[in-house]
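Quick notes on the structure that follows.
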Amino acid sequence: MNPSSAAPSAPAPVVVLGAGLAGLATALHLARSMPVVVLAKRSLEEGATAWAQGGIVGVLGQDDSIASHVHDTQEAGAGIVDEHAARFIAENSAAAIAWLVEAGVPFSPDPSGPLGLHLTREGGHAVRRIAHAADATGRAIHDALLARAREHPNITLRERWVAVDLLTSRHLRREESPRVYGVYALDMDRGHVQTLPAAAVVLATGGAGKVYRYTTNPDTATGDGIAMAWRAGCRVANMEFIQFHPTCLYHPQERSFLITEALRGEGAHLTLPNTAVAGGMGARFMHAHDERGELAPRDIVARAIDFEMKKHGLDHVWLDARPIVADKGEAFLKEHFPTIHARCLQLGIDIARAPIPVVPAAHYTCGGVVTDLDGRTDLPGLYAVGETTYTGLHGANRLASNSLLECVVIGRTCAQSILRAGPVRREPLPPWDESQVEDADEQVVIAHNWDELRLLMWNYVGIVRTTKRLERALHRIELLRGEIDEYYANFRVNRDLLELRNLVVCAELIVRSALRRHESRGLHFSRDYPNPLPVSFPTVLTRQARSGRG
């Protein structure tokens, strides 16, 4: 059934944009009491959740505590973590893990471990507290929850539906406080934009990693929810803090394959290629940058790799897993990292016998749409969960494996908040207006602007920034946004155009946020302001909704 074809008297469903962990967790909690429509803009199997390797935090062990997890989160977040948010997430971590176990997630077992689970350790964590399913945790979680969602009679799953924009009070031409009534969405198989009424809209669209040329993110990570919320008038915070994962496989056949941080947690070393060091032997370099070595937080490791690559003129550094083999055996390496071992072997790299070439790549958007711990945004009827959001948990840098946990915890509280609000009467909503547009004549314009934007962001708004580069980037982004907006106003929409339109908004938000921060902190490093300020706060951008198509 087309979600927009229900009778006007029928209760409006909750529309969830995104079928990753955040979206599915929210939908499964909601579906006990309300109809839910989940839209995936590609296949249901695609998305960032399925790509997550390392694991999910659970404060479970006898040697662990809520206070310890909060402390590690604050340390990684470089002083601007919301302590209340960090404590709330930590306090709910055990229940989140238990819920996933009940949902059928096959975590790696350890009969002597808490809840019978094997816990690993990642950079920035004081103890082992990461529940995982070998090195494919995200895939295991996503498969289990997607199977539950497919079986649920109250959940309708739709593939190849791309959200165009939120449907708000201004579309109804009402003089009232702004709220969200639904969403315009492109049904790609039919080629038409549909009007979807909603009791509430939940943004679970992930981050904006595709704004950069090199990223560990899937093609779906185009900042759709962030851009739509911003256009509707919501606040956005901390967009300058883009986490670059230190270790993405450097290989011409595989540009987005992440090498999990857990590999370093188990003892792998970062080294320079032999040609960069006198004597021909690759040398470790992390202890020259941080006393924690390879277990330092990701921002420090990524900057260290970036520094060494520029210093020595390198295309990559090595991540050497052979110390794990020497300490724990080859069987341990293959058992705990089967995905990495198999994929690298397909590319001619046996990680038990040779180092892995790696480079940093854009990985996680620490900022996003401002929400409370119930997923509520500034607009009634609009909620957001997961990487799309800013809850205060991540501060200036995300602690490893906190992100999956945030999806589960806030997915539950978001659903509870929507249920408390009660049913919403279905409103008569205006259809999408295509009367003044025509089919695009040259798709090459979209492809060119897409490539230019991503290269611009990589070169000018990357791991190390300067004010001059940021100002140049902003000038060019504003010109690109004007070109894209004109194109959007005159031609029928398609997925590539919608994603590019959202990416250019996110790029501008990143740059404007970075220009506001006159210090170096966490993931934001500026050569013009190399030191942190004594006291610092989140960067919050505010704007008013404006009129216009969509």
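Everything numeric here is computed off the predicted structure, so don't read it as measured data.
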Passes side-chain contact (heavy atoms from CB on, under 4.5 Å), Arg512 versus Arg516? Steps please.
-> CA-CA 6 Å; Arg512 289 193 182 279; Arg516 283 196 180 191; 6.0 Å; no
Would Thr73 and Asn402 count as a side chain to side chain donor-acceptor pair (under 3.5 Å) if you check the C-alpha gap in whole Å, the side-chain angles of each, and the deciding distance to 0.1 Å?
-> CA-CA 8 Å; Thr73 299; Asn402 264 355; 3.1 Å; yes
Roughly how far, to the nearest 0.5 Å, is CG of Leu167 from CZ of Arg179?
-> 11.5 Å
Hey, are the side chains of Tyr212 and Leu455 touching, using non-hydrogen atoms and a 4.5 Å cut-off?
-> no
Hey, does His394 have a side-chain heavy atom less than 4.5 Å from the side chain of Val81?
-> no
Cation-pi, Tyr460 ring and Arg469 (6.0 angstrom, 45 degrees) | no
Which heavy atom of Ala473 sits nearest a heavy atom of Leu456, and at what distance?
-> O-CD2, 3.9 Å
4.5 Å side-chain heavy-atom contact, Val14 and Val202 | yes
Under 6.0 Å between ring centres, would you say that holds for Phe244 and Tyr364?
-> no
With the side chain counted from C-beta on, respond yes when Leu509 and Leu541 share a heavy-atom pair under 4.5 Å apart, and no when they do not.
-> yes
Are Tyr214 and Val359 side-chain neighbours, meaning at least one heavy-atom pair lies under 4.5 Å?
-> no
Just do the side-chain contact (heavy atoms from CB on, under 4.5 Å) check on Asp82 and Thr391 with the steps written out, would you?
-> CA-CA 8 Å; Asp82 184 307; Thr391 62; over 6 Å; no
Going by an N to O cut-off under 4.0 Å, is there a salt bridge joining Arg420 and Asp374?
-> yes
Side-chain touch Ile242/Leu523, heavy atoms, less than 4.5 angstrom | no
Taking C-beta and beyond as the side chain, do Val511 and Met457 meet within less than 4.5 Å on heavy atoms?
-> yes
So which heavy atom on Ser513 is nearest to which on Glu240, and how close?
-> CB-OE1, 3.3 Å
Between the OG atom in Ser93 and the CG atom in Leu404, the distance rounded to the nearest 0.5 Å is 13.0 Å
Quick one: closest heavy-atom pair of Ala507 and Val211, and the distance?
-> CB-CG2, 3.7 Å
Between Asp187 and Arg160, is there a side-chain N and carboxylate O pair less than 4.0 Å apart?
-> no
Check the pair Cys248, Leu258 against side-chain contact (heavy atoms from CB on, under 4.5 Å), reporting the backbone distance first and the verdict last.
-> CA-CA 5 Å; Cys248 183; Leu258 181 150; 5.8 Å; no
Any Lys/Arg nitrogen of Glu499 or Lys210 sitting under 4.0 Å from an Asp/Glu carboxylate oxygen of the other?
-> no
Can you check whether Ala22's main-chain N or O pairs, donor with acceptor, with Thr26's side chain at less than 3.5 Å?
-> yes
Judged by atom type as modelled, is there a donor-acceptor pair below 3.5 Å linking the side chain of Thr205 to the main-chain atoms of Gly18?
-> no
Below 4.0 angstrom, N of the basic side chain to O of the carboxylate: do Arg150 and Glu45 qualify?
-> yes
Least distance between heavy atoms, Ala144 atom then Ala103 atom | CB-O, 3.9 Å
If you measure from CG on Leu203 to CD1 on Ile226, what distance do you get to the nearest 0.5 Å?
-> 9.5 Å
Given Thr539, which of Val236, Asn238, Leu515 fulfils the side chain to side chain contact (heavy atoms under 4.5 Å, CB included) condition?
-> Asn238
Kindly compute the distance separating CZ (Arg481) from CG (Leu474), expressed to the nearest 0.5 Å.
-> 9.0 Å
Is there a side-chain contact between Glu483 and Glu486 (heavy atoms, below 4.5 Å)?
-> no
Short question: side chain of Thr365, backbone of Ala208 - any donor-acceptor pair under 3.5 Å?
-> yes
Heavy-atom closest pair (Cys366 atom, Gln243 atom, distance to 0.1 Å) is SG-CB, 4.4 Å
Is the count of non-hydrogen atoms from other residues, nucleotides or ligands lying under 6.0 Å from Gln346 atom CD greater than 12?
-> yes
Nearest heavy atoms of Ala133 and Pro106, plus distance in Å | CB-O, 3.5 Å
For the residue pair Glu122 and Ser401, confirm or rule out a side-chain donor-acceptor distance under 3.5 Å.
-> yes
Hey, can you tell me if His363 and His245 have their rings parallel, tilted or perpendicular (30° and 60° cut-offs)?
-> perpendicular
Looking only at side chains, do Thr371 and Thr389 share a donor and an acceptor under 3.5 Å apart?
-> no
Does Tyr488 have Arg501 sitting over its ring (NZ/CZ under 6.0 Å from centre, angle to axis within 45°)?
-> yes
Taking 4.0 angstrom as the limit, do Glu508 and Arg476 come out as a salt bridge?
-> no
Is Gln194 reaching over with its side chain to a backbone N or O of Ala185, donor-acceptor style, under 3.5 angstrom?
-> no
Walk me through it: do Val369 and Tyr390 pass the test side-chain contact (heavy atoms from CB on, under 4.5 Å)?
-> CA-CA 5 Å; Val369 183; Tyr390 166 80; over 6 Å; no
Between the side chains of Asn154 and Arg32, is a donor N or O closer than 3.5 angstrom to an acceptor N or O?
-> no
Check step by step if side chain to side chain donor-acceptor pair (under 3.5 Å) holds for Arg454 and Asn459.
-> CA-CA 9 Å; Arg454 297 180 71 206; Asn459 287 335; over 6 Å; no
Roughly how far, to the nearest 0.5 Å, is NE2 of His132 from CD1 of Ile141?
-> 11.5 Å
Atom CD in Glu387, atom OG in Ser403: separation rounded to 0.5 Å?
-> 7.0 Å
Donor on one side chain, acceptor on other, Glu261 and Thr247, under 3.5 Å = no
Reference residue Asp224; test salt bridge (Lys or Arg N to Asp or Glu O under 4.0 Å); the match among Arg495, Lys41, Arg42 = Lys41
